[in-house]
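Submitted below is the structure of interest, expressed as structure tokens.
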Protein chains: 2
Amino acid sequence: MSNLEKTADRLNALGNPTRLQIYRLLVRAGAEGMSVGRIQEVVSIPGSTLSHHMKLLETVDLVAKEKQGTTLICRARYDVMDAVIGYLADECCADSSDGRSDRGVQWRRVAANT
Amino acid sequence: MSNLEKTADRLNALGNPTRLQIYRLLVRAGAEGMSVGRIQEVVSIPGSTLSHHMKLLETVDLVAKEKQGTTLICRARYDVMDAVIGYLADECCADSSDGRSDRGVQWRRVAANT
DNA sequence: TCATTATTTCGATAATACTAGAAATACGGT
DNA sequence: ACCGTATTTCTAGTATTATCGAAATAATGA
């Protein structure tokens with residue numbers, strides 16, 4: 001699967017309001033993550049529908065699941081989002097080789113303030 | 001329309017291999033842009049299909065069209081991509097207020113090397 | 001083992017998206 | 001006015017996606 005296809009799949013996964021909301025929750029939850037049940041409380045949709053969305057997010061690797069007893073902890077995979085934005089910024093929005101770049105802004109990955 | 005919905009629509013527009021390819025072409029074409037016909041030569045799809053994709057990209061403001069005589073010049077709207085990545089980086093991936101951020105990387109908009 | 005809670009899978013329906021041929025429109029040149 | 005080129009709109013078939021109730025599975029504790 002090409003880089004373009006993989007990126008398109010991931011963008012598509014985020015290209016749904018419900019899933020983007022879920023992903024946003026998970027990113028904000030940080031390393032602690034969030035259980036499927038807790039997510040369901042927030043987004044207020046039937047479990048079966050939620051499960052379907054979670055599966056898609058997991059399929060494209062944007063979300064990882066870890067079973068803890070009977071509950072499932074979900075976490076955003078920052079490295080994968082990193083790859084997505086990296087594609088947009090580098091592969092896609094990189095300066096073209098003929099130096100036609102005149103956008104004024106660019107996206108760059110920077111180290112977190114640690 | 002909320003910021004989340006708008007962003008989801010834009011991600012959805014890019015979440016299709018053909019459209020992502022088109023968008024990539026346009027970004028690389030820079031300020032000069034690219035005509036619909038030229039895009040069609042590259043991506044090799046029927047005009048009606050291409051027109052449909054271009055319309056969607058325009059609807060979400062990722063692409064602007066400018067009529068020059070009988071041909072249509074299309075250009076990527078970097079400011080809008082900027083807003084999309086900005087949402088992901090700030091709204092979505094921003095450090096949560098409780099300081100749980102521990103990702104190691106972050107995306108930041110930086111000035112282009114002018 | 002039984003009940004309970006958490007989550008998924010199944011199955012079905014409705015909605016949306018993708019694709020593309022054919023006809024229509026818009027423009028510039030003759 | 002007519003022709004050719006560029007692009008869109010119309011129309012429709014097919015495919016994919018979203019939704020959700022009900023049944024199934026998994027894990028824990030009594």
Side-chain angles (χ1 to χ4, degrees), chain A residues 1 4-26 29 32-76, chain B residues 1 4-26 29 32-76:
Chain A
M1 194 180 214
L4 183 139
E5 281 171 319
K6 209 181 294 178
T7 303
D9 280 354
R10 288 167 178 167
L11 291 171
N12 176 66
L14 295 175
N16 169 285
T18 303
R19 284 194 299 266
L20 186 56
Q21 186 192 0
I22 292 168
Y23 184 76
R24 188 171 183 257
L25 280 176
L26 291 182
E32 187 176 315
M34 210 173 204
S35 71
V36 173
R38 182 77 189 84
I39 295 171
Q40 191 179 353
E41 285 175 17
V42 178
V43 299
S44 305
I45 57 178
S48 56
T49 303
L50 176 58
S51 187
H52 161 262
H53 284 309
M54 296 312 301
K55 188 177 189 172
L56 179 50
L57 285 169
E58 190 190 20
T59 298
V60 302
D61 294 325
L62 279 166
V63 165
K65 296 178 183 170
E66 183 197 347
K67 200 148 202 175
Q68 280 187 4
T70 168
T71 80
L72 248 191
I73 303 297
C74 305
R75 293 190 185 83
Chain B
M1 194 180 213
L4 184 139
E5 282 172 318
K6 210 181 295 179
T7 303
D9 279 355
R10 288 167 178 167
L11 291 171
N12 176 65
L14 295 174
N16 168 287
T18 302
R19 285 193 299 267
L20 186 55
Q21 186 192 358
I22 292 168
Y23 184 77
R24 187 172 184 255
L25 281 176
L26 292 181
E32 187 177 317
M34 209 173 205
S35 71
V36 172
R38 182 78 188 85
I39 295 171
Q40 190 178 354
E41 285 176 15
V42 178
V43 301
S44 305
I45 56 178
S48 57
T49 304
L50 175 57
S51 187
H52 161 262
H53 285 309
M54 295 312 300
K55 188 176 188 174
L56 179 49
L57 285 170
E58 191 190 20
T59 298
V60 302
D61 294 324
L62 279 166
V63 165
K65 296 178 183 171
E66 183 197 347
K67 199 148 200 175
Q68 280 187 5
T70 168
T71 80
L72 249 191
I73 303 297
C74 305
R75 294 190 184 84

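Not measured: the values here are computed from a predicted model. Chain A is the first sequence line, chain B the second, and so forth, proteins listed ahead of strands; every chain is numbered from 1.
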To the nearest angstrom, the CD1-P distance between B:Ile39 and D:dA6 comes to 14 Å
**Nearest listed nucleotide, side chain of B:Lys55, among D:dT9, C:dA26, C:dA20** =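 Among D:dT9, C:dA26, C:dA20, the one nearest the side chain of B:Lys55 is D:dT9.
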Worksheet item: In whole angstrom, what separates B:Leu57's CG from D:dT7's C1'?
Response: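 The answer, rounded to whole Å, is 16 Å.
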Report task. Measure from the side-chain heavy atoms of B:Pro46 and tell me the nearest of D:dA26, D:dA18, C:dG21. Result ->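 Shortest atom-to-atom distance from the side chain points to C:dG21.
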Atom NZ of B:Lys67 and atom P of D:dT7 are separated, to the nearest Å, by 9 Å
| field | side chain to side chain contact (heavy atoms under 4.5 Å, CB included) between B:Thr49 and B:His53, worked out | value | CA-CA 6 Å; B:Thr49 304; B:His53 285 309; 3.9 Å; yes
Rounded to whole Å, CG of A:Leu50 lies from C1' of D:dC20 at a distance of 12 Å
Of A:Thr18 and A:Gln68, the one whose closest nucleotide on DNA chain D sits nearer the 5' end is A:Thr18
Spacing of B:Glu66 atom CD relative to D:dA6 atom C1', expressed in whole Å: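 Spelled out: CD on B:Glu66 to C1' on D:dA6 is 15 Å.
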Notebook entry, point to check: Shortest non-hydrogen contact from A:Ala13 to A:Leu56?
Noted result: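 For A:Ala13 and A:Leu56, the tightest heavy-atom pair comes out as CB-CG, 4.4 Å.
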How is B:Gly47 classified with respect to the nucleic acid when contacts are heavy atoms under 4.0 Å: base, sugar-phosphate, or nothing?
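Base, at least one base atom sits under 4.0 Å.
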Next on the checklist: Under 4.0 Å, heavy atoms only, any strand: does B:Ser48 hit a base, just the sugar-phosphate, or nothing?
Outcome noted: base
(message) OP1 or OP2 of C:dT7 versus the side-chain N and O atoms of A:Lys65: is any pair under 4.0 Å?
(response) no
Report the distance from atom NE2 of B:His53 to atom P of D:dT7, rounded to the nearest whole Å.
->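 Interatomic distance, NE2 of B:His53 to P of D:dT7: 16 Å.
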To the nearest angstrom, the CG-P distance between B:Asn12 and D:dT17 comes to 11 Å
Winner on side-chain proximity to B:Leu72, out of C:dC18, C:dT19, D:dT7, is D:dT7
Problem set entry | Spacing of CZ belonging to A:Arg75 relative to CG belonging to A:Leu62, to within rounding of 0.5 Å |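 It is 16.0 Å, given to the nearest 0.5 Å.
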Distance below 4.0 Å between B:Thr49 side-chain N/O and C:dA20 OP1 or OP2:
yes
Next item on the list: Select one nucleotide: of D:dA18, C:dC18, D:dA26, the one nearest the side-chain heavy atoms of A:Leu56.
Entry: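 For the A:Leu56 side chain, the nearest candidate turns out to be D:dA18.
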**Asked** Under 4.0 Å between a side-chain N/O of A:Asn16 and OP1 or OP2 of D:dA18, yes or no?
**Response** yes
Give a yes or no on whether a donor-acceptor pair under 3.5 Å exists between the nucleobase atoms of C:dA6, that is its base, and the side chain of A:Thr70.
no
Distance in Å, A:Met34 CE paired with A:Leu25 CG, rounded so as to fall on 0.5 Å steps =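 Between atom CE of A:Met34 and atom CG of A:Leu25 there are 5.0 Å.
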Between B:Glu41 and B:Arg38, is the closest basic N to carboxylate O distance under 4.0 Å?
yes
* Look at the side-chain N and O atoms of B:Arg19 and state whether any lies under 4.0 Å from the OP1 or OP2 oxygen of C:dC18. => yes
To the nearest 0.5 Å, atom CG of B:Asp9 lies from atom CG of B:Leu14 at 11.0 Å
I want to check one thing: is the phosphate of D:dT8, taken as OP1 and OP2, less than 4.0 Å away from some side-chain N or O of B:Ser51?
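B:Ser51 to D:dT8 OP1/OP2: side-chain N or O found under 4.0 Å.
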Here the distance between atom P of C:dT7 and atom CD1 of A:Ile22, to the nearest Å, is 13 Å
Establish, with yes or no, whether the OP1 or OP2 oxygen of C:dC10 is under 4.0 angstrom from a side-chain nitrogen or oxygen of A:His52. no
Taking only N and O in the side chain of B:Arg38, is any of them less than 4.0 Å away from OP1 or OP2 of D:dA6?
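No, because none of the side-chain N or O atoms of B:Arg38 sits under 4.0 Å from OP1 or OP2 of D:dA6.
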